[in-house]
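Side chains included, hydrogens not; waters and symmetry mates left out as well; all remaining heavy atoms used. Chain naming here is simple, since letters A, B, ... match the order of the sequence lines and numbering starts at 1 in each.
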There are 2 protein chains.
Amino acid sequence: MATRGTPGIPEVADPPRRRAGRPATSILSRTLILETGLRLIDERGADGAGMRAIAKELGVRPSALYNHVAGYPELVAGVRELISERIPTDMFDTLPWDQALSEWAHHYRAAFAAHPPTIALLAVLPLSEDSVTTEMYERVVASLGRAGWPVERHLEVLVAVEAFILGAALDLAADDDMMNPGSRTDVPEYLAAYRARAARLAAGGRRAADLSFETGLRALLAGLRVELEELKGPDPDPAAR
Amino acid sequence: MATRGTPGIPEVADPPRRRAGRPATSILSRTLILETGLRLIDERGADGAGMRAIAKELGVRPSALYNHVAGYPELVAGVRELISERIPTDMFDTLPWDQALSEWAHHYRAAFAAHPPTIALLAVLPLSEDSVTTEMYERVVASLGRAGWPVERHLEVLVAVEAFILGAALDLAADDDMMNPGSRTDVPEYLAAYRARAARLAAGGRRAADLSFETGLRALLAGLRVELEELKGPDPDPAAR
DNA sequence: ACCTGAACACCGTTCAAGT
DNA sequence: ACCTGAACACCGTTCAAGT
């Protein structure tokens, strides 16, 4: 309900008080556009952060944005990069590979969780080729190498863990009540399981998605640990390490 | 390429040859609309399967669809249900819980993989409340119960596995080449890992996403198995089972 | 009940014209 | 180089009018 062009003369006529032509000092920048996009996503959801909405928020015409971003898809990718940049990776230099992966996974998921509407929008993007992500991968891979994982399996492990993280992030975006069976009588076991979890959640103050994330991550890493041990296990001479 | 309005004069003028008013026998149905939607998604991608495109394909005006589906979001949910229906669940009645979960996961992922463009569109949807999905959950939960998982942890385990499946499905939608570091020189370990995997993939005929899915799923289930053993382990009287 | 026809309120994007 | 202004080719959705 924006009160635009109401009565009178141009009362709330926010539109361009600026005249055409190149402004003395440039108004926009790629960074400004991306940050505004992320802010609007947070404030209004993914649908409230299109090219036109961002332009309006910046007091500019939509076409002006195209001087700094190639188009909407590129803008979305840029916003994802903005979020990815905030995922710390220094734990890979100080912790054992499995503990480091666990900490990383928590931060990774939290980075998206901080902007709920972005999850559906951004998790869908191909696990990009942008610079930030690649640098993150570099540290993960280095850690796996030091731990003794064979080099041809590094990406396999990395992507498996990342898949779980993204899936868990999607789950986080879903409403806690989304799986509520209501009063259906044809799924008794599910109903019992749903209620038992609900009671447990009510007791502790945690979200449903947190339980699944913690348990899944713990299991995944435990399984990977076992697999690495088996890879190294047949080693007949432990002193060779 | 549906050959519509074939002979006669108005050759390519497909638009409404039908006059207004209720047709003698109704043309549309919810099922027909959903199946056409899925087909168009397969043929043209998610962007080529909007309300208007479906209407055109069915030789009908867009507004006619609203007699059978509430709107676009409901249509997308319906298409997801169409896909979900094809995921078999009978393995939960015949196999041990962990083997059943493994088979289920393979089918679940394959159901989406059969319609690549849908993955990004559908995986994003909250793990719905629709009837098919809930019935699927019922069988999973029943299996976990028989295996000895405490009832308040059934959904936790189920959702953890499902998160991994959906994350793996997203990975499947990404191009194999998407993680290619190109000729970057600042990520040597990553570059080596990428090339080592590429060589391995070239040898065997598999996709990158398959490796990560198999390894992640195996690890996840192995970890869950260990956790269940620990839960049951302290049992002082094995005969009580 | 179930379709057409016309309209509404949006999109992202392009491009000439201005400075 | 970087903005405005106007236009293009789309969307999903609503609703009166027809049968």
Side-chain angles (χ1 to χ4, degrees), chain A residues 1-6 10 13-34 36-37 40-41 44-79 117 121 125, chain B residues 4-5 10 13-34 36-37 40-41 44-79 117 121 125:
Chain A
M1 286 278 177
T3 43
R4 280 192 61 260
T6 329
D14 26 2
R17 207 149 291 330
R18 192 184 308 108
R19 73 189 204 282
R22 181 186 188 192
T25 164
S26 102
I27 310 168
L28 299 175
S29 74
R30 184 179 150 84
T31 306
L32 178 62
I33 292 170
L34 297 181
T36 304
L40 289 189
I41 288 176
R44 313 177 187 175
D47 288 342
M51 297 297 278
R52 291 183 114 100
I54 294 174
K56 191 165 197 175
E57 180 74 12
L58 290 171
V60 115
R61 318 239 68 145
S63 52
L65 301 181
Y66 290 82
N67 290 304
H68 301 89
V69 281
Y72 183 69
E74 209 229 43
L75 180 130
V76 173
V79 171
L121 188 64
L125 288 183
Chain B
R4 281 192 56 261
D14 25 8
R17 203 147 299 335
R18 193 183 308 110
R19 71 189 205 282
R22 181 187 190 193
T25 164
S26 100
I27 310 167
L28 299 174
S29 73
R30 182 179 151 85
T31 306
L32 178 61
I33 292 169
L34 296 182
T36 303
L40 289 189
I41 288 175
R44 312 177 189 175
D47 289 341
M51 298 296 277
R52 292 183 114 102
I54 293 174
K56 191 164 197 175
E57 179 75 10
L58 290 170
V60 116
R61 320 237 68 144
S63 52
L65 300 181
Y66 291 82
N67 290 304
H68 301 89
V69 281
Y72 183 69
E74 209 230 43
L75 181 131
V76 173
V79 170
L121 189 63
L125 288 182

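- Under 4.0 angstrom from either OP1 or OP2 of D:dA1 there lies no side-chain N or O belonging to A:His68.
- Distance A:Leu65 CG to C:dC11 C1': 14 Å, rounded to the nearest Å.
- Taking 4.0 angstrom as the limit, A:Arg61 places a side-chain polar atom (N or O) nearer than this to OP1 or OP2 of D:dG5.
- The CD1-P distance, from A:Ile27 to D:dA1, rounds to 17 Å in whole Å.
- Here the side chain of A:Arg52 is nearest to one of C:dC11, C:dG5, C:dA1, namely C:dC11.
- Heavy-atom distances to DNA chain D give each of B:Arg22 and B:Tyr66 a nearest nucleotide, and the one nearer the 5′ end belongs to B:Tyr66.
- Comparing A:Asn67 and B:Ala20 along DNA chain D, the residue whose closest nucleotide (by nearest heavy atom) sits nearer the 5' end is A:Asn67.
- Of the candidates C:dT4, D:dA6, D:dT13, C:dT4 carries the atom nearest the B:Ser63 side chain, counting heavy atoms from C-beta on.
- Pairing analysis of DNA chain C (Watson-Crick: purine N1 to pyrimidine N3 plus N6-O4 or O6-N4; G-U wobble: N1-O2 and O6-N3; both under 3.5 Å) yields stems of 3 or more pairs at C:4-8 with D:12-16, C:12-16 with D:4-8.
- Atoms OH (B:Tyr72) and C1' (C:dC11) sit 14 Å apart, rounded to a whole Å.
- From A:Ile33, atom CD1 reaches atom CE of A:Met51 across 7.0 Å, with rounding to the nearest 0.5 Å.
- The side chain of B:Pro62 approaches D:dT13 more closely than any other nucleotide in the set D:dT13, D:dC3, D:dT19.
- One atom, CD1 of B:Ile54, and another, C1' of D:dT13, lie 14 Å apart when rounded to the nearest Å.
- The shortest non-hydrogen separation linking A:Ala53 to A:Gly48 is CB-O, 3.5 Å.
- With values rounded to the nearest 0.5 angstrom, B:Arg30 atom CZ is found 8.5 Å from B:Leu75 atom CG.
- In this entry the distance linking CE of B:Met51 with C1' of D:dT14 reads 12 Å, nearest Å.
- The phosphate of D:dG18 (OP1 or OP2) has no side-chain N or O of B:Arg19 nearer than 4.0 angstrom.
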B:Leu58 vs B:Ile27, test: side chain to side chain contact (heavy atoms under 4.5 Å, CB included). Steps then yes/no. CA-CA 9 Å; B:Leu58 290 170; B:Ile27 310 167; over 6 Å; no

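- For the pair A:Arg18 CZ and C:dA17 P, the interatomic distance rounds to 22 Å; values are reported in whole Å.
- Exactly one residue among A:Asn67, A:Leu65, A:Thr36 makes a side chain to side chain contact (heavy atoms under 4.5 Å, CB included) with A:Leu28. That residue is A:Leu65.
- To the nearest 0.5 Å, atoms CD (B:Glu57) and CG (B:Leu32) are separated by 10.0 Å.
- Looking at which nucleotide of DNA chain C each of A:Gly50 and A:Ala64 is closest to, the 5′-most match is held by A:Gly50.
- Taking atom NZ of B:Lys56 as the reference point, atom P of D:dC11 lies 9 Å away to the nearest angstrom.
- Atom P of nucleotide C:dC11 and atom CG of B:Asp47 are separated by 17 Å, given to the nearest angstrom.
- Nearest heavy-atom pair across A:Val79 and A:Ile41 is CG1-CD1, 4.2 Å.
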